[in-house]
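The block underneath contains the structure these notes are about, expressed in structure tokens.
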There are 2 protein chains.
Amino acid sequence: MRYSHKLSDAIHILAYVAIYQDGDLSSATIAASVESNPALVRRLMGALRRAGLLTTQQGSATPKLTRDATAITLLDVYRAVEEDGNLLHVDDKTNPKCVVGANIQDTLREAYDEVQRVAEAQLKRQTLAQIIAGILTRHHAKTQ
Amino acid sequence: MRYSHKLSDAIHILAYVAIYQDGDLSSATIAASVESNPALVRRLMGALRRAGLLTTQQGSATPKLTRDATAITLLDVYRAVEEDGNLLHVDDKTNPKCVVGANIQDTLREAYDEVQRVAEAQLKRQTLAQIIAGILTRHHAKTQ
DNA sequence: AGCTGATGTAACATATAAAGTAACATCAAA
DNA sequence: TTTGATGTTACTTTATATGTTACATCAGCT
């Protein structure tokens with residue numbers, strides 16, 4: 001498949017909502033910033049809403065973060081939009097009659113879990129507020 | 001796309017070669033253990049050979065690890081078989097005329113690099129020898 | 001030398017998931 | 001009531017992984 005940009009686009013949406021909180025927050029406007037389409041934006045916003053990160057109102061372009069950007073981690077967003085949150089994938093079709101095929105799946109799962117654990121810990125350490133600060137800092141550096 | 005099993009299958013191949021080093025190591029036999037096909041096994045072995053982890057000889061089913069399994073990390077294997085080694089992907093098509101779109105790519109790259117760094121460190125900490133030990137331990141537990 | 005069976009590699013087909021597109025029901029606000 | 005928004009679904013397109021086939025090349029044996 002193509003590589004997923006869902007995490008990146010979801011963070012983009014949340015950052016946009018936070019930065020332009022009193023501006024035009026229609027899915028079409030946000031889609032223009034993402035260079036994507038309104039339906040994708042609405043789909044991602046739906047996932048963010050179900051995860052409790054965003055409130056929306058049907059018929060009204062008024063999305064809002066449910067809490068401060070300092071209290072939203074990249075892990076929160078990742079879990080909201082990536083249903084298979086696994087970074088690495090075990091081949092679950094190996095020969096059970098072979099010593100290697102019969103035992104490698106559980107062994108690898110254990111190994112991959114360690115990778116997943118540290119990656120998620122790192123995602124948890126980074127907040128939406130930091131991303132927003134990074135965006136604004138870069139912007140100001142360019143326009144001064 | 002489908003999720004990649006290349007890392008898992010490559011580790012499988014290396015473990016198989018190490019465990020059955022004096023047995024039948026034809027791509028067809030290994031493919032039977034992976035429940036895949038010989039061409040895939042040969043493709044992955046080609047990548048492992050180019051990465052310096054394995055030696056092979058055309059015409060002869062005699063693959064060998066180039067060094068002890070304790071000196072081959074999962075990161076070595078990962079880099080050998082995953083050409084795009086990035087676990088997370090920035091959306092590289094965002095609107096440069098928007099403050100968010102123009103600056104989020106670099107900001108996210110920085111954030112994702114941190115995740116990549118800790119994940120790779122964890123992959124580096126785990127060796128092929130540990131995977132082999134895990135496979136054999138599980139096997140012995142079942143057959144005692 | 002020739003036969004057999006192996007690898008190396010490429011071309012093509014298929015499967016799967018992401019993202020794009022379009023349509024429409026529903027709701028908000030004027 | 002009209003306009004324009006969201007929520008959601010179905011379908012299409014695209015990208016990547018894997019499967020399949022074919023065949024050139026090589027090793028090892030007789």
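Protein chains get the first letters and strands the later ones, always in sequence-line order, with residue 1 at the start of each.
Between B/R49 and C/dG8 there is a side-chain N or O to OP1 or OP2 distance below 4.0 Å. The side chain of B/R50 contributes an N or O atom lying less than 4.0 Å from OP1 or OP2 of C/dT9. Within the structure, every side-chain polar atom (N or O) of A/S26 is placed at least 4.0 Å from both OP1 and OP2 of D/dG4. When the side-chain nitrogen and oxygen atoms of B/S60 are compared with OP1 and OP2 of D/dC26, none of them lie within a distance under 4.0 Å. Side-chain nitrogen and oxygen atoms of A/S36 include at least one within less than 4.0 Å of the OP1 or OP2 phosphate oxygen of C/dG20. Checking the phosphate oxygens (OP1, OP2) of C/dG20, no side-chain nitrogen or oxygen of A/R2 falls inside 4.0 Å.
For B/H5, the side-chain atoms get nearest to D/dT18 when compared with the rest of C/dG8, C/dA25, D/dT18. Distances were taken from every side-chain heavy atom of A/S27 (C-beta onward) to each of D/dT8, D/dT6, D/dG19; the shortest belongs to D/dT6. The side chain of A/A61 lies closest to D/dT6 when the candidates are D/dT8, D/dT6, C/dG8. Nearest nucleotide to the side chain of A/K93, out of C/dG8, C/dA28, D/dG19: D/dG19. For B/Y3, counting side-chain heavy atoms from C-beta on, the closest listed nucleotide (C/dA22, C/dA17, D/dT16) is C/dA17. Residue A/N37 places its side chain closer to C/dG20 than to any other of C/dG20, D/dT8, C/dT9.
No side-chain donor-acceptor contact under 3.5 Å links B/Q126 to the backbone of A/Y112.
Taking the side chain as every heavy atom from C-beta outward, B/Q105 and B/D92 approach each other to under 4.5 Å.
A donor and an acceptor atom, one from each side chain of B/T29 and B/D24, are located under 3.5 Å apart.
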